[in-house]
Every structure is written in structure tokens, then in C-alpha cells.
Amino acid sequence: MANDTAVAVEELTKRYGGRTVVDAVSLRVDAGAVVALLGPNGAGKTTTVECIAGFRTPDAGTVQVLGADPRADRDEVMARMGVMLQEGGTYQAATPREMLRLYAALYPHPLDIDALLERLGLTEPARRRIRTLSGGQKQRLNLALALVGRPSVLLLDEPTSGMDPQARLDAWDLVRELRDDGLAILLTTHFMDEAERLADVVAVIDGGRLRAVDSPAALVAADARTGSHLLVTSVENVDIAGLAAAVGAAVTPDGDGRWLLEAGPEAIPRVTAWFAERSLTLTGISVNPTSLEDVFLRLTRQGEP
Amino acid sequence: MRAQSAMELRLLLRNGENLLVTLGIPVGLLVFFSVVDVLPVRGRPVDFLVPGVLTLALMGAGMVSLAIATGFERFYLVLKRLGATPLRRTELVAAKIAAVLTVQAVQVTIVVAVAWLLGWRPTLSPSGVLLAGCALLLATAAFCGVGLALAGRLRAVATLALVNALFVVLLLISGVVFPLAALPATLARLAALLPPAALTEVLRAAFAGTALGVDALVVLALWGAAAPLIAALVFRWE
């Protein structure tokens, strides 16, 4: 349904000087969905988000948030969008509670501040100066500031970088909860697990261009079909050339005691036979261990010579 | 906007260096030189000091502390982040001005009260008070404009250093603790073209009940119009 589309980006292009940092990116975020913009540093993630947040004017293409232009229809968009910057954004001498109270006053129907502080584990430092907070606490405060106005659209730029593992899991739970409440959520990340476990749709971006857009499962499945492989683990010294010749597939070392074979499950008997004939111990063999990381690395290497 | 203004005000008052520049130094100078009679002026020192001390206080709030606060807000992306809230930029600037005006009202009250205790008794006329009020507003526009232009373009630490240096230099060349006439003629002429000396001159005439120099009002009007305009042109939000 078109009216469920909360964020619509069409052919967005942004240049700094002569350099194109975002190149004809098209993206859609629906209500009740999490879209992860996944890419290495400098891929154009933040610039894309900043165009949607109205901080930058696109050089070409259009951005629509809830059917409006974030720059031309600023008031309309800002009342319904929550933004979390990668860093900064808060008065260093203020306390989290003061900061939230200020932001609450800027929106027509804000959330309850105490409940929000509690939910994000900020009750304890709520009365401390922001400059004394840890990096993870500042991140959680920035998330709280993005949420306090009850937005319909949420833009999160690297929301969990700097958070400890528990805070990260809590933030993921919160994002899922918000999605289930019907928010449209666009987040950027360079963490594979974050994209894989949190996003309904992953958009892989590199060098300013979208390389693939699909659900994490579909991305992995598509990659697995084209490049089926086996992961072999062993504590022995493996003769790579010998194994490759016996199996009839390329073998590449993948770290200590791990080898990747460019072959499907039909090659498993030949692998186990090769180890058995030489009385070598095979500690593990698995089919299609393609992860989102494999897909990501393959997609983001395309730009390289 | 009221919430934003209250926040600005709370943070201005929370900062110790701010209070030093906005109240500590001006009131300290007023008391010290009123009590220790070393100034090269005729008449009672307090009568000479009040106009310049008021100028210094207003400059401390409008230029120095506003510039430093705004410079660091830019550095910490506070202004950028507010750009993604319903608060408009005009409202943000208005909130800052409202906070500065509130601080200035407190400054004027304290300086006048302290001066009164030191025996200051100005000769006020309705037209003098009116002109003094206009001069205060024009000078505030000029001070805030200069402060925001610097804060909106330079790095935060550069702004910090520059406005503090300006504060000291202008303290010396604006007729605050000694008359402009004591300066070399060229420097005195140059200083008279800057807002602090012009404001001091207008206030001095207003409190003495003497005729006002048109020149000083023209200087204030030009700076009061030009500085905010320049600030609006050069300001970068992040």
C-alpha cells in the first residue's frame, strides 16, 4: 500500500565538491518496518540519512517523508520524525532530564520523561551533567531524544556504536517494539549482526551506490545459490593442493584450521574420504555457511579493482 | 520557544566564567575604582564609571558569553540536532536573544543598585532615559551580532580566545575606566567608531542630563543593523 510508505527516496544524489558521495540511491521505508543501511565507513550512509533528515539538500533526486519534503515542509515533517545523530547534539552542561524536558516541550504530544529515562536505563545518571556520561549513556540519551516526541518515522545513525553488549540488546528490543507499534525505522550500521537480526530489509551501500536491497534471508539465499561452499575445520596440517585435486574444487584457507571449498554438499563424501585415507582428523564440515557478512564482503568488493 | 529560552538562560547562569564576565568584572571594577580614587577624572569616580561599566556588562552578556556558548553548541552539534526538531531557527535565535535580554535586565538592576549604594545619583530626563534605552537595544543588537558572527564561523576555541581578547581590548579603549581623551588621538577616533565607546558616550550624556552627541547614536544604529545582518550571512549551523 502506497500510503504505508513513510520514507521514499528516489534517485538521491549528493556531491561534495566534485566527489559524488551518494549516487542515485532509491530506498523505501514502510510503516512497521526496519530498514538497515549497511555499509563500510564512508559508504554514504550518513549523507543519505542527513538528506532525509533535512540537513542537506539533494543535488538530484527527491526525498519524501510522510508525503512531504523535509526541507520545504519542514514543520510538518519535524513534528513527526525522530532523529538520532551519530554523535553530539546535547548541551554538555545540561543533565539528561533537562535535555529531555526541553525536547518534550518542542513536540505536541511528548512521552512521559521518567518512563523514557527508566526504559533506556538512564534513571541513575538523569541528574548528572551530560559531559560526565559514558559514550553508551550518551547514545541512549540521543535515542531517548529521538523518541520523546512520539515520532512516526525514526532515523537512527549508527544507534548502537559505543553501547555495551547488554545495552545493545536492550536497544534492539526497543527498536523491535517500536516497529511493532507501527513506526517506520531507518537505521545505518556497519554491524552485520545488527542488520541481520534487526532489519526487515537490508540495503547494502558502498561507494555511494546501493549494491543490493532485500531481506537478510533473501540476500543470503541468493548468495548461497550463486556461490555454494563448504567450510571444513581440522586441527591437522592440510595439503591444500592435494585436497583441491581430490575434491575437484578450489580450496582457500579461512583463518587458523579453517578452509573454504567452492563446492556444494555433493562434495562432502569426497572430503571425508580424503581425510580418512590419510588418517587425518576432520573436526567439522558444514554446508553453505554463507552469512550476511559473506554477502556484504562480496558486494562491497565489487567496486574494487 | 519558551522552553528553549529557559534552557539557554539556565546554562548561561550555570557557567562560572560567564558570571565572571557578565557580572564579576563589571561590578568589581565599579566598586574598586569608586572606592580607590585613582582615576584621572574630575568629579566623583562613580559618576564617571556607571556608563562604562553598564556597557562592559552588556558586552559581556551579548558578545562574550553568547558567542562562547553558541560556539560550543555548534561544536557539539547541539544546533544541528535542534534543526531536526519542530523548533525553527528563527525561534532558536529569538530564544537566545530573550535569554541575553533577561541576563542584561539582571545586570542593569545589579549595577544600578550597587552604584546607588556607592552614592550614584544621575540627572535623568524622560528624553534621556528614552535615548539611553534605544542605545542599549542598538548596542545589544550590535554585540549579539558580532558574537554570533564569530561563533557561527570560527572554531569554538578560536571564538573563545577572540571574544575574551576583544573584551579586554574594548574595556581599555571604550572610556570605561578612563576617558577616550586619554588615548592617542588616532586610537580615540577609531574607538569612537565602535559600539562600546558609542554606548558609553550616550549613557554618560543621558545620566548627566547633557546634550547627546548624534555621532554616537549613528555609530550604534549602523552597528546595530549591520552586525546581525553579517551574522545571518556568515553563520554556519554545524
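Residue numbers begin at 1 in each chain, while the letters A, B, ... track the order of the sequences. Keep in mind that what you see is a predicted model, and the values were worked out from it rather than measured.
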Undergrad: What part of A:Glu98 is in contact with chain B, defined as an atom under 4.5 angstrom from a non-hydrogen atom: side chain, backbone, both or neither?
TA: both
Undergrad: Examine whether an atom of B:Glu238 lies under 4.5 Å from a heavy atom of chain A, and if so say whether it belongs to the side chain, the backbone or both; otherwise answer neither.
TA: side chain
Undergrad: Relative to chain B, which segment of A:Arg80 carries a heavy atom at a distance below 4.5 Å: side chain, backbone, both, or neither?
TA: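 Contact with chain B is absent: no heavy atom of A:Arg80 under 4.5 Å.
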Undergrad: Give a yes or no on whether B:Glu91 atom CD has more than 12 heavy-atom contacts from other residues, nucleotides or ligands under 6.0 Å away.
TA: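 Enclosed: over 12 neighbouring heavy atoms sit under 6.0 Å from CD of B:Glu91.
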Undergrad: Can you confirm whether B:Phe75 is buried at CZ, in the sense that more than 12 heavy atoms of other residues, nucleotides or ligands lie under 6.0 Å from that atom?
TA: no
Undergrad: Could you tell me the separation between the CE atom of A:Met99 and the CE atom of B:Met7, rounded to the nearest 0.5 Å?
TA: 5.0 Å
Undergrad: Given side chains that start at C-beta, do those of B:Tyr76 and A:Arg131 come closer than 4.5 Å, heavy atoms only?
TA: no
Undergrad: Can you confirm whether more than 12 heavy atoms, excluding those of A:Arg128, are under 6.0 Å from its CZ atom?
TA: yes
Undergrad: Indicate yes or no for a side-chain donor-acceptor contact from B:Arg2 to the backbone of A:Ala105 under 3.5 Å, with no hydrogens or angles considered.
TA: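 No: the side chain of B:Arg2 does not pair with the backbone of A:Ala105.
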Undergrad: Are B:Arg81 and A:Thr90 close enough, and set up right, to give a side chain to side chain contact (heavy atoms under 4.5 Å, CB included), and what steps lead you there?
TA: CA-CA 8 Å; B:Arg81 178 63 185 85; A:Thr90 47; over 6 Å; no
Undergrad: In terms of heavy-atom proximity below 4.5 Å to chain B, should A:Arg129 be classed as side chain, backbone, both, or neither?
TA: side chain
Undergrad: Hey, could you give me the OH/CD distance between A:Tyr91 and B:Glu8, rounded to the nearest 0.5 Å?
TA: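 If I round to the nearest 0.5 Å, the distance is 4.0 Å.
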Undergrad: Just how far is it from atom OG1 of B:Thr85 to atom CZ of A:Arg74, taken to the nearest 0.5 Å?
TA: 6.0 Å
Undergrad: Checking heavy atoms, do the side chain of A:Leu145, its backbone, both or neither come under 4.5 Å from chain B?
TA: both
Undergrad: Relative to chain A, which of B:Arg10, B:Arg14, B:Glu73, B:Met1 shows the most heavy atom pairs under 4.5 Å?
TA: B:Arg14
Undergrad: Would you give the length of the straight line joining atom OH of A:Tyr103 to atom CG of B:Leu82, rounded to the nearest 0.5 angstrom?
TA: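 Between A:Tyr103 OH and B:Leu82 CG, I get 4.0 Å after rounding to 0.5 Å.
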Undergrad: Measure distances from B:Gln4 to the heavy atoms of chain A and classify the residue's part below 4.5 Å as side chain, backbone, both or neither.
TA: both
Undergrad: Evaluate salt bridge (Lys or Arg N to Asp or Glu O under 4.0 Å) for A:Glu50 paired with B:Lys80, printing each intermediate quantity in order.
TA: CA-CA 11 Å; A:Glu50 293 198 336; B:Lys80 176 180 181 177; 2.4 Å; yes
Undergrad: Provide the closest heavy-atom pair for B:Ala84 versus A:Tyr107 in the form atom of the first, atom of the second, distance.
TA: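 Between these two residues, the closest heavy atoms are O-OH, 3.8 Å.
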Undergrad: Could you grab the distance from atom CG of A:Leu102 to atom CG of B:Leu87, nearest 0.5 Å is fine?
TA: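 Atom-to-atom, A:Leu102:CG and B:Leu87:CG are 8.0 Å apart.
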